[in-house]
Amino acid sequence: MNSLTLIQPDDWHVHVRTGAVLNTVIAHTARQFARAIIMPNLKPPVTTVAMALDYREEILQALPKGSDFQPLMTLYLTNQTTVEEVKKAAESEHVYAFKLYPAGATTNSDAGVSDLTALYSVLEAMQKYDLPLLIHGEVTDANCDIFDRERVFIERTLTAIVKQFPDLRIVLEHVTTEEAVQFVESASNKIAATITPQHLLYNRNAILAGGIRPHYYCLPILKREKHRLALVKAATSGNPKFFLGTDSAPHLTHTKENACGCAGCYSAYAAIELYAQAFEQANALEHLEGFASFYGADFYKLPRNTKTIILEKRDWTVPASYDEITPLKANEILNWKIKQ
Ligand code: DOR
Ligand code: ZN
């Protein structure tokens, strides 16, 4: 197959930041995707509808001229989030979900939730207004091995939430384990998951074998090969519970190549090409369009896109950096390219 036409995809999980970084990365996302769910973990976090509307304006201003890309905003759940704010979010035409970061789980999660049971009235309101809850599913218990944190979160926390709020729509973001795949598969159709390109393409050897490679370090961390295989199977199965969410998370190169490097892989520059590579390796290119362009829109109850994009089978070398951001697969060859 030398070219592939797809309905334009959407990115259901992306970090675009603010300021200079936003200016660099938003053009990459907008070139490929019609819409994207924008993560709210800024400093300070986007906790109110008013802040989300300001952030949305900043994103629109940073878009290349003529772009019709639509940022879909989210609010950052904290211990102080009120039922009133949930109602405001539900009434806003620009806010699409709440994001739960367990406090301390990842980049800019200090303001995250420390005791979810104290927020049950807020989750109740989200269920009532049918606003999805997007979850970074890792425990923050210092005694829990970093490779087990997703599985333990499902056992200790997620199972209880799903039971308590059976009608709450939940996206378990960036799933990384066989256990997460099984959990989502066996849950009701209110529960879905996003999968990143790095978790489809790599296992934990990419970070650690033959030297420490910080550009493969993200959270949840890459796992063993058996988990990668379970993710590939889920993504390429045609099961609408699994859809595209890059978790593209730009950090300046010096903050990753550091004694205490930041978590996050920058994939937005070629997200759909990276997914095409993963699907091709699994001999499943025919399932790419559902995963990338249909199932997320269906879950969010938004219309599917109608424009198309064309991917061509053509080798190209990924630059060493985009401004000061080192991309995933820097200096390597990708074999799909979106046609402009
Ligand atoms: O690797 C990650 N980077 N995981 C996250 O959950 C957050 C993200 C970021 O914001 O850099
Ligand atoms: Zn993320």
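Just follow the structure's listing: the first ligand is 1, and inside any ligand the first atom is 1.
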Engineer: For the residue pair E312 and S3, confirm or rule out a side-chain donor-acceptor distance under 3.5 Å.
Structural biologist: no

Engineer: Suppose we call two aromatic rings close when their centres sit under 6.0 Å apart. Are Y300 and Y96 close by that rule?
Structural biologist: no

Engineer: Starting from atom 3 (N) of ligand 1, what is the nearest protein heavy atom, named by residue and atom, and what distance separates them?
Structural biologist: A263 O, 3.0 Å

Engineer: Please confirm whether Q198 comes under 4.0 Å of ligand 1, counting heavy atoms of the residue only.
Structural biologist: no

Engineer: Which is closest to atom 6 (O) of ligand 1 in terms of heavy atoms, T106, T196, L42, V14?
Structural biologist: T106

Engineer: For N108 and ligand 1, answer yes if some heavy atom of the residue is under 4.0 Å from a ligand atom, otherwise no.
Structural biologist: no

Engineer: Which atoms of ligand 1 are found less than 4.0 Å from any heavy atom of C218?
Structural biologist: 1 (O)

Engineer: Under 2.8 Å from the Zn ion (ligand 2), is there an N/O/S atom belonging to H136?
Structural biologist: no

Engineer: Are side-chain N/O atoms of Y269 and K329 paired as donor and acceptor at under 3.5 Å?
Structural biologist: no

Engineer: Using a 4.0 Å cutoff against the non-hydrogen atoms of D247, which atoms of ligand 1 qualify?
Structural biologist: 4 (N)

Engineer: Counting backbone and side-chain atoms alike, is an N, O or S atom of H15 positioned under 2.8 Å from the Zn ion (ligand 2)?
Structural biologist: yes

Engineer: For H199 and H227, run ring pair (Phe, Tyr, Trp, His ring centres under 6.0 Å): C-alpha distance rounded to whole Å, both residues' side-chain angles, the deciding distance at 0.1 Å, then the answer.
Structural biologist: CA-CA 9 Å; H199 291 100; H227 296 293; over 10 Å; no

Engineer: Backbone or side chain, does any N or O of Y217 fall under 3.5 Å from an N or O of ligand 1?
Structural biologist: no

Engineer: Salt-bridged, K313 to E280, with N to O below 4.0 Å?
Structural biologist: yes

Engineer: Can you report which non-hydrogen protein atom sits closest to atom 1 (O) of ligand 1, along with the distance?
Structural biologist: L219 N, 2.8 Å

Engineer: Is E124 salt-bridged to K128, cutoff N-O under 4.0 Å?
Structural biologist: no

Engineer: Determine whether the side chain, the backbone, both or neither of R17 has a heavy atom under 4.0 Å from any heavy atom of ligand 1.
Structural biologist: side chain

Engineer: Examine A249 against ligand 1 and note whether any of their N/O atoms are separated by less than 3.5 Å.
Structural biologist: no

Engineer: Touching ligand 1 at all, E173? Heavy atoms, strictly under 4.0 Å?
Structural biologist: no

Engineer: Looking at ligand 1, does any of its N/O atoms fall within less than 3.5 Å of an N/O of Y101?
Structural biologist: no

Engineer: Side chain or backbone, does C265 bring an N or O within less than 3.5 Å of an N or O on ligand 1?
Structural biologist: no

Engineer: Does ligand 1 come near enough to P220 that some N or O of the ligand is less than 3.5 Å from an N or O of the residue?
Structural biologist: no

Engineer: Using a strict cut-off of less than 4.0 Å between a Lys/Arg side-chain nitrogen and an Asp/Glu carboxylate oxygen, indicate whether K88 and E91 qualify as a salt bridge.
Structural biologist: no

Engineer: Just which atoms of ligand 1 are under 4.0 Å from any heavy atom in N41?
Structural biologist: 9 (C), 10 (O)

Engineer: Numbering the atoms of ligand 1 from 1, which are under 4.0 Å from a heavy atom of H136?
Structural biologist: 6 (O)

Engineer: Among H28, Q198, K256, H251, find the residue that satisfies the side-chain hydrogen bond (donor to acceptor under 3.5 Å, both in side chains) test when tested with Y266.
Structural biologist: H28

Engineer: Is any side-chain heavy atom of T176 less than 4.5 Å from a side-chain heavy atom of I221?
Structural biologist: no

Engineer: Measuring from the Zn ion (ligand 2), name the closest N, O or S atom belonging to D247.
Structural biologist: OD1

Engineer: Select the closest option to atom 11 (O) of ligand 1 among H15, H13, H251, judged by heavy-atom distance.
Structural biologist: H251

Engineer: How far apart are the closest heavy atoms of L219 and H174, and which atoms are they?
Structural biologist: O-NE2, 4.2 Å

Engineer: Would you check if there is a donor-acceptor pair between the side chains of T177 and K223 at a distance under 3.5 Å?
Structural biologist: no

Engineer: Are F294 and F243 an aromatic pair, judged by ring center distance below 6.0 Å?
Structural biologist: no

